[in-house]
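When a ligand or atom number is given, it counts from 1 through the structure's own listing order. Quick note: residue numbers are just sequence positions, from 1. Hydrogens, waters and symmetry mates are skipped; everything else that's a heavy atom, side chains included, is used.
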Amino acid sequence: MRQLFVAGNWKMHGSKASIMNLMTGLNKKSAEIGATKVAICPPTIYIDYAQKCLATDKIALGAQNIAIEPVQGAFTGETSAEMLKDFGCQYVVIGHSERRAIYGETDSEIAQKVVTALKAGITPILCVGETLEEREAGNLEKVISTQLNAIIQAVGIDAFERIVIAYEPVWAIGTGKTASSAQAQEVHAFIRGQLAVLNAAVAEKVIIQYGGSVKPGNAKELFAQPDIDGGLIGGASLNADDFIAICTAGE
Ligand code: 13P
């Protein structure tokens, strides 16, 4: 039985005031969290502030991006794995579709970031997912395999013991259009199956989150699917009541 894992990706949202408010709510409601692992990924500049507001050990910290270069150096505007570690980050979202689409991140750059995170002992939350056009053209499996294979080639299958995968259909992100639990389950099973061809034991253990318009009202059904092991939550992670309701939906 895999442990559910729910992470909040705050994206580029928040201010000191709103984060204080959100963290106060999360601290209060964190007693409701059971066996599900929970993490929050604030914007980089607020990681330290969120950490200082955090008054529970039930919520871990993560980041939303990482530099390819692991340590320090002349890389203006970047934040290294070593720096994220220094501020207590255990997780980092890598390869989110917004970074792929808006900032042109390639599979090869994403693979290098996964290598860097793993070397630093930070767990990558590796995002994969197809656009609506790709799905409608019948290319869903090809797209997901290409995204996965780039990482497998870079780090090997065994490294997936230390990687979390997030399946996020691009058409379901921030649109209010969730993949149905059956649609999501089908892709999650496909992802696990792809890994199982290479190492069945690793595939059985790997956590595969679903992301894309997860809300308190649909989380229970999604998390009840055999291959859905939690969620990567955008909008709903900015509201303490909603986020905690999602974090406890699988229990
Ligand atoms: P929403 O939950 O806002 O659709 O965002 C999903 C997402 O992109 C999480 O990384």
Side-chain angles (χ1 to χ4, degrees), residues 4-14 18-19 22 26 36-44 46-47 50 59-66 84 89-105 110 113-114 117 122-132 134-135 143-144 147-148 151 163-181 183-184 187-188 191 207-223 225 228-250:
L4 288 178
F5 177 34
V6 175
N9 173 9
W10 293 2
K11 307 192 180 182
M12 197 173 75
H13 291 292
S18 73
I19 290 170
L22 175 55
L26 292 177
T36 300
K37 266 206 267 183
V38 176
I40 49 170
C41 304
T44 310
Y46 289 115
I47 290 173
I59 300 178
L61 275 180
Q64 300 173 17
N65 187 25
I66 193 172
L84 295 176
C89 286
Q90 295 179 38
Y91 301 96
V92 60
V93 177
I94 298 181
H96 192 280
S97 61
E98 287 152 15
R99 297 215 57 89
R100 292 176 190 262
I102 305 169
Y103 302 102
E105 279 191 16
I110 291 161
K113 289 183 176 191
V114 170
I122 299 177
T123 301
I125 301 178
L126 168 70
C127 300
V128 297
E130 82 291 359
T131 63
L132 191 58
E134 288 164 341
R135 176 175 274 261
V143 168
I144 305 282
Q147 292 171 344
L148 271 182
I151 311 305
I163 294 174
V164 170
I165 299 173
Y167 168 57
E168 297 206 320
V170 178
W171 48 272
I173 296 176
T175 56
K177 242 195 224 175
T178 329
S180 68
S181 51
Q183 275 175 321
V187 183
H188 281 233
I191 292 170
I207 299 293
I208 311 178
Q209 299 175 320
Y210 168 79
S213 299
V214 179
K215 305 282 179 239
N218 59 23
K220 199 179 177 69
E221 191 183 327
L222 284 161
F223 299 171
Q225 302 304 310
I228 300 182
D229 311 314
L232 184 56
I233 319 302
S237 70
L238 299 170
N239 176 294
D241 288 348
D242 286 354
F243 187 59
I244 297 293
I246 294 168
C247 293
T248 53

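Residue Leu232 has no N or O atom closer than 3.5 Å to an N or O atom of ligand 1. Between Thr175 and ligand 1, no pair of N/O atoms sits closer than 3.5 Å. Residue Gly174 has at least one N or O atom closer than 3.5 Å to an N or O atom of ligand 1.
With Asn239 contributing its side chain and Ala236 its backbone, the two residues share no donor-acceptor pair below 3.5 Å.
Of all atoms in ligand 1, listed by their number and element, those nearer than 4.0 Å to a heavy atom of Glu168 are 6 (C), 7 (C), 8 (O), 9 (C), 10 (O). Within ligand 1, the atoms closer than 4.0 Å to a non-hydrogen atom of Gly212 are 4 (O), 6 (C), numbered from 1 in the order shown. Counting the atoms of ligand 1 from 1 in the order shown, those under 4.0 Å from a heavy atom of Asn9 are 9 (C), 10 (O). Against a heavy-atom cut-off of under 4.0 Å, Ala172 is close to the following atoms of ligand 1: 4 (O).
Residues Thr123 and Gln90 fail the side-chain proximity criterion, which asks for heavy atoms closer than 4.5 Å.
Within the 4.0 Å heavy-atom cutoff, Lys215 does not count among the residues contacting ligand 1.
The side-chain contact (heavy atoms from CB on, under 4.5 Å) with Cys247 is formed by just one residue from the set Val38, Leu4, Leu26, Asp242; it is Val38.
Atom 3 (O) of ligand 1 has as its closest protein heavy atom Gly235 N, 2.8 Å. Scanning the protein for heavy atoms near atom 2 (O) of ligand 1, the closest one is Gly234 N, 2.9 Å.
A pairwise comparison of heavy atoms in Gln209 and Ile125 identifies OE1-CG2, 3.5 Å as the closest pair. His13 and Pro43 make their closest contact through O-CG, 3.4 Å (heavy atoms, listed as atom of the first residue, atom of the second, distance).
If you check the side chains of Gln64 and His96, you find no donor sitting under 3.5 Å from an acceptor.
In this pair, Tyr210 and His188 present their aromatic rings tilted. The plane angle is within the 30 to 60° band.
Closest to atom 1 (P) of ligand 1 by heavy atom, among Ser213, Gly211, Ser237, is Ser213.
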Start with the C-alpha distance between Gln183 and Thr178, add both sets of side-chain angles, then the distance that settles side chain to side chain contact (heavy atoms under 4.5 Å, CB included), and finish with yes or no. CA-CA 9 Å; Gln183 275 175 321; Thr178 329; over 6 Å; no
